[in-house]
A.B. asks: 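I'd like to ask you about the structure that follows.
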2 protein chains.
Amino acid sequence: MELSQAVTALSALAHEGRLRVFRELVQAGPDGLAAGEVSRRVDIQPNTLSASLAVLSHAGLVTSRRDGRSIIYSAAYERMSQVLGFLLRDCCNGSPEICAPIAAILNAAACCGGSSSPTGV
Amino acid sequence: MELSQAVTALSALAHEGRLRVFRELVQAGPDGLAAGEVSRRVDIQPNTLSASLAVLSHAGLVTSRRDGRSIIYSAAYERMSQVLGFLLRDCCNGSPEICAPIAAILNAAACCGGSSSPTGV
DNA sequence: TTTATAATTCATGTATCGTTGAATTATGGA
DNA sequence: TCCATAATTCAACGATACATGAATTATAAA
């Protein structure tokens with residue numbers, strides 16, 4: 001991932017409405033949600049939401065597919081992990097002990113990061 | 001971490017110059033760098049850099065201390081991990097298998113996340 | 001005290017972003 | 001075909017963010 005791509009993704013998330021939308025999709029899981037359903041859940045007008053989804057989509061953070069009259073949006077989990085990986089890259093250059101706690105917090109937040117041993121922190 | 005704090009942090013990082021500055025500090029380690037040294041390394045004018053560092057500082061992503069005529073800036077590793085954790089929270093609600101790859105990438109990026117077994121991915 | 005260095009603050013002009021109402025496109029059902 | 005629903009696009013106005021040059025504060029050395 002390049003710097004400009006990371007900036008685009010971070011910019012997309014650096015907005016209250018868009019961050020709420022993104023997290024709603026992240027929590028919704030891989031099946032995603034119709035735009036109208038997102039609009040109702042986060043209480044954002046359809047046209048405003050459409051602009052927000054366009055920004056997230058342009059940043060590669062969500063994908064979409066049509067289903068009848070609805071358009072279903074889903075979080076792009078892989079892209080999200082690339083962005084987070086970019087922020088962490090070389091984080092402990094020269095002093096590995098610094099970012100060990102970071103890895104621990106991330107393992108805890110990613111509820112399925114059970115591949116790491118809790119005691120190893 | 002609250003939504004508004006996350007937005008503030010993401011906004012601070014959603015800028016090419018500031019992101020370069022932040023990563024430079026992340027890679028520099030806990031000892032940090034003097035503002036002037038950062039200015040030289042990322043090739044940004046002192047006054048512009050000062051504004052960037054102020055934004056990062058306000059977002060809690062860097063800390064500073066005076067040393068003689070210099071002011072030393074350091075990355076706030078804990079804050080960074082809080083932000084990343086916020087983005088990941090509840091990411092696999094209902095389908096844990098989805099975010100397993102995310103945890104794997106993060107463990108790889110955080111070079112010291114060696115507590116997880118590579119084969120466990 | 002005077003001078004030089006390090007960094008910040010301030011004012012300003014420009015550019016970009018974000019929301020909204022109205023109009024438009026696309027699909028499904030009567 | 002005609003109508004209703006779902007979502008997007010467009011134009012426009014207001015607000016916010018950015019970079020820069022000049023001035024200011026803080027520290028150290030002569």
Side-chain angles (χ1 to χ4, degrees), chain A residues 3-25 28 31-76, chain B residues 3-25 28 31-76:
Chain A
L3 185 75
S4 62
Q5 293 179 298
V7 169
T8 299
L10 291 167
S11 296
L13 295 174
H15 179 276
E16 182 181 323
R18 292 194 299 258
L19 184 54
R20 277 165 50 212
V21 168
F22 180 72
R23 294 182 86 223
E24 194 72 38
L25 289 174
D31 290 345
L33 292 174
E37 178 61 23
V38 176
S39 176
R40 261 171 261 121
R41 290 196 188 188
V42 301
D43 193 26
I44 293 178
Q45 289 194 2
N47 53 355
T48 299
L49 174 67
S50 189
S52 292
L53 287 168
V55 172
L56 289 168
S57 179
H58 179 253
L61 290 167
V62 304
T63 58
S64 61
R65 63 194 152 90
R66 178 176 281 277
D67 176 29
R69 273 177 289 198
S70 297
I71 294 185
I72 312 293
Y73 285 87
S74 313
Chain B
L3 185 75
S4 63
Q5 293 178 299
V7 169
T8 298
L10 291 166
S11 296
L13 296 174
H15 179 277
E16 181 180 323
R18 291 194 299 258
L19 184 54
R20 276 165 50 214
V21 168
F22 179 72
R23 292 182 88 224
E24 193 72 39
L25 291 175
D31 289 345
L33 293 173
E37 178 61 23
V38 176
S39 176
R40 262 171 261 120
R41 291 196 187 188
V42 300
D43 192 28
I44 293 178
Q45 289 194 1
N47 53 356
T48 299
L49 174 67
S50 189
S52 291
L53 286 169
V55 172
L56 289 168
S57 179
H58 179 254
L61 290 166
V62 304
T63 58
S64 62
R65 64 195 153 90
R66 178 176 281 277
D67 176 29
R69 273 177 288 197
S70 299
I71 295 185
I72 313 292
Y73 285 88
S74 313

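Residue numbering restarts at 1 for every chain, and letters A, B, ... go by the order of the sequence lines.
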A.B. asks: Whole angstrom is fine here: how far is it from CZ in R40(A) over to P in dT5(D)?
C.D. replies: 13 Å
A.B. asks: Using whole Å, what does the distance between atom P of nucleotide dT27(C) and atom CD1 of I72(A) come to?
C.D. replies: 14 Å
A.B. asks: Pick the closest DNA chain C nucleotide for V55(A) and for D67(A) by heavy atoms, then say which residue is nearer the 5' end.
C.D. replies: V55(A)
A.B. asks: Ignoring hydrogens and geometry, is there a side-chain-to-backbone donor-acceptor pair from T8(B) to S4(B) under 3.5 Å?
C.D. replies: yes
A.B. asks: Is the phosphate of dG18(C), meaning OP1 or OP2, less than 4.0 Å from a side-chain N or O of R18(A)?
C.D. replies: yes
A.B. asks: Is it true that a side-chain atom of R18(B) and a backbone atom of S11(B) form a donor plus acceptor pair closer than 3.5 Å?
C.D. replies: yes
A.B. asks: Check the distance between dT20(C)'s P and L49(A)'s CG and give it to me in whole angstrom.
C.D. replies: 12 Å
A.B. asks: By the 4.0 Å heavy-atom rule, please label A54(B) as base, sugar-phosphate, or nothing.
C.D. replies: nothing
A.B. asks: Think H15(A) has a side-chain N or O under 4.0 angstrom from the OP1 or OP2 of dT19(C)?
C.D. replies: yes
A.B. asks: Is the phosphate of dT20(C), meaning OP1 or OP2, less than 4.0 Å from a side-chain N or O of T48(A)?
C.D. replies: yes
A.B. asks: Which nucleotide sits closest to the side chain of A51(A): dA7(D), dA7(C), dT19(C)?
C.D. replies: dT19(C)
A.B. asks: Does a nitrogen or oxygen in the side chain of Q45(A) sit under 4.0 Å from OP1 or OP2 of dG21(C)?
C.D. replies: yes
A.B. asks: Nearest-Å distance, CG (L56(B)) to P (dT8(C))?
C.D. replies: 12 Å
A.B. asks: Check whether any side-chain N or O of Y73(A) sits under 4.0 Å from OP1 or OP2 of dA6(D), and answer yes or no.
C.D. replies: no
A.B. asks: What is the distance from CD of E37(A) to C1' of dA7(D), rounded to the nearest Å?
C.D. replies: 15 Å
A.B. asks: Does dA6(D) have OP1 or OP2 under 4.0 Å away from a side-chain N or O of S70(A)?
C.D. replies: no
A.B. asks: Examine distances only and state if a side-chain atom of R40(A) and a backbone atom of V42(A) form a donor-acceptor pair shorter than 3.5 Å.
C.D. replies: no
A.B. asks: Is a donor on one side and an acceptor on the other found under 3.5 Å between the side chain of S50(A) and the backbone of P46(A)?
C.D. replies: no
A.B. asks: Can you tell which of dA29(D), dA7(D), dT27(C) lies closest to the side chain of R69(A)?
C.D. replies: dT27(C)
A.B. asks: Identify whether the distance between the nearest side-chain nitrogen and carboxylate oxygen of E24(B) and R20(B) falls below 4.0 Å.
C.D. replies: no
A.B. asks: Using atom CG of L10(A) as one end and atom P of dC17(C) as the other, report the distance to the nearest whole Å.
C.D. replies: 15 Å
A.B. asks: Take atom CD1 of I44(A) and atom P of dG21(C), then tell me their distance rounded to the nearest Å.
C.D. replies: 15 Å
A.B. asks: With respect to the phosphate group of dA6(D), does any side-chain polar atom (N or O) of R66(A) fall under 4.0 Å of OP1 or OP2?
C.D. replies: no
A.B. asks: When the distance from CG of N47(A) to C1' of dT20(C) is rounded to whole Å, what number comes out?
C.D. replies: 6 Å
